[in-house]
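Side chains are part of it too, since the values below use all heavy atoms of this structure and drop only hydrogens, waters and symmetry mates. Start at 1 and go down the list; that is how both ligands and their atoms are numbered.
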Amino acid sequence: MAEGGFPPGFLWGAATAAYQIEGAVDEGGRGESIWDRFSHTPGKTRDGDTGDVACDHYHRYRDDVRIMRELGLAAYRFSVAWPRIFPEGRGRPNPDGVAFYERLLDELEKAGIQPVVTLYHWDLPQALQDRGGWPHRDTAYRFADYAAWMFERLGDRVPYWITHNEPFVVSILGHVTGEHAPGLNDPAAGFRTAHHLLLSHGLAVQAFREGGRRKGRIGITLNLSPVHPASGSPEDEAAARRVDGLINRWFLDPLFRGAYPEDMVEHFGRLIPLPEASEDDMRLISQDVDFLGVNYYSRQVVRHDPGELFLQMRQIDGPGPKTEMGWEVYPAGLGEILRRLHEAYTKAPLFVTENGAAYPDTVSPDGAVHDPDRIAYLRDHLLELSRVIAGGVPVQGYFLWSLMDNFEWAHGYSKRFGILYVDYPTQRRIWKDSAYWYRRVIEANAVVE
Ligand SMILES: CO[C@H](O)c1c[n+]2c([nH]1)[C@H](O)[C@@H](O)[C@H](O)[C@H]2CO
């Protein structure tokens with residue numbers, strides 16, 4: 001392939017998530033999620049922003065799919081809101097809930113766009129949280145029931161299923177730092193959550209396989225980052241290994257090696273009561289997947305800090321330019337992580353299921369949204385991706401985060417990741433320059449200027 005080129009059939013997509021774009025939180029029989037509860041809790045989100053309306057995608061999905069078709073997307077990654085399917089998280093399914101997703105699938109099918117469905121992108125039914133949430137082992141089995149019901153109902157229409165989006169973020173930000181729903185500060189609960197998320201993934205894979213030879217493929221999406229020491233000192237290198245041990249290896253090792261990383265079990269075991277990892281659990285967790293999704297945004301740079309309780313480390317800024325999230329622009333990290341996965345963890349196909357950047361986009365007097373920094377970010381990461389694929393790593397698709405500006409969790413609507421600008425008061429979608437650019441990339445199946 002020429003520099004910047006991609007193989008024939010490479011899957012060009014964009015990604016979103018239910019709570020971040022749908023709105024209509026009280027429509028169609030939807031039950032409350034932990035993000036409804038969290039975002040309506042004073043002080044939890046910037047300016048008290050909530051996903052009550054978001055991008056009103058629940059009502060505007062036809063127009064949004066039309067834009068996807070005009071962009072030339074081959075695939076669209078979205079998540080199903082569990083509380084729309086099972087308002088109480090369990091029991092009787094809600095026909096109006098699944099009907100919304102069937103209408104969305106109809107539009108995608110008419111547009112020739114392949115659906116990539118994430119079953120869990122953080123919006124746990126509040127009713128399950130009230131019964132203990134992810135720290136409670138039973139929730140893993142409720143997820144498996146939900147997943148099995150979805151496979152039965154939509155299995156013939158969905159070519160790619162992703163069980164979970166970023167179990168690290170759900171576990172640590174939701175249950176240890178408290179920045180995300182349900183807002184707990186309980187490390188033991190965080191590690192039980194991580195185990196039960198992985199267990200629920202395994203139970204869902206088992207249900208998918210037992211449901212007969214389905215047309216689709218199933219995988220999981222992890223947020224993965226290279227972790228670099230701030231200096232070559234042994235202390236900083238050890239700190240980097242510890243952070244790598246939590247962000248990357250705490251999830252990769254169970255999924256692909258059938259066991260938690262020993263160095264980290266020893267490290268955390270001294271601080272926190274860790275959940276039991278039975279042989280049966282680890283066998284379920286490490287079943288083969290058809291693909292691995294990778295969400296990549298930046299690298300981590302860390303130094304040793306004996307005063308920090310959890311990992312004795314301090315994250316520091318890398319020297320590169322920063323996005324509006326304060327994340328260093330570091331395209332080489334995408335190649336580093338993808339090559340490491342292929343060499344050390346799995347020969348399964350890989351998908352970049354999220355990559356993108358937030359910048360302070362504004363609408364210019366000419367009505368356009370000029371976002372050269374985002375185009376530069378995307379171009380540099382796609383050039384790196386092209387090199388990785390040319391080097392033999394089987395990356396089969398790329399999903400830009402995000403199709404449109406949306407509810408950025410605790411940051412509310414203050415951060416814009418979309419290639420479509422959303423004017424929230426009017427809900428107008430305005431193509432940013434990056435949208436026109438991405439359409440040209442897709443048309444060329446190669447990075448363009
Ligand atoms: C370190 O970034 C994480 O991997 C990450 C970044 N992001 C994510 N995970 C989530 O999957 C999305 O819902 C966010 O909207 C998106 C942008 O913040």
Check: Less than 4.0 Å between a side-chain N and a carboxylate O, is that true for Arg153 and Glu102?
Finding: yes
Notebook entry, point to check: Could Arg257 and Tyr345 be counted as a cation-pi pair, given that NZ or CZ must be under 6.0 Å from the ring centre and within 45° of the axis?
Noted result: yes
Check: Are the charged groups of Arg339 and Glu384 less than 4.0 angstrom apart, N to O?
Finding: yes
Next item on the list: Could you please provide the protein residues found below 4.0 Å of ligand 1 on a heavy-atom basis, arranged by chain and number?
Entry: Gln20, His121, Trp122, Asn165, Glu166, Asn223, Asn295, Tyr297, Trp327, Glu354, Trp401, Glu408, Trp409, Phe417
Note to self: Please evaluate residues Asp405 and Tyr413 with respect to the criterion side chain to side chain donor-acceptor pair (under 3.5 Å), reporting the C-alpha separation (whole Å), side-chain torsions for both, the decisive distance (0.1 Å), and the verdict.
What the structure shows: CA-CA 8 Å; Asp405 296 336; Tyr413 297 99; over 6 Å; no
Margin query: Quiz question: by atom type and distance under 3.5 Å, do the side chains of Tyr421 and Arg429 form a donor-acceptor pair?
Written below: no
Notebook entry, point to check: So, Thr221 versus Asn295: side-chain donor-acceptor pair below 3.5 Å or not?
Noted result: no
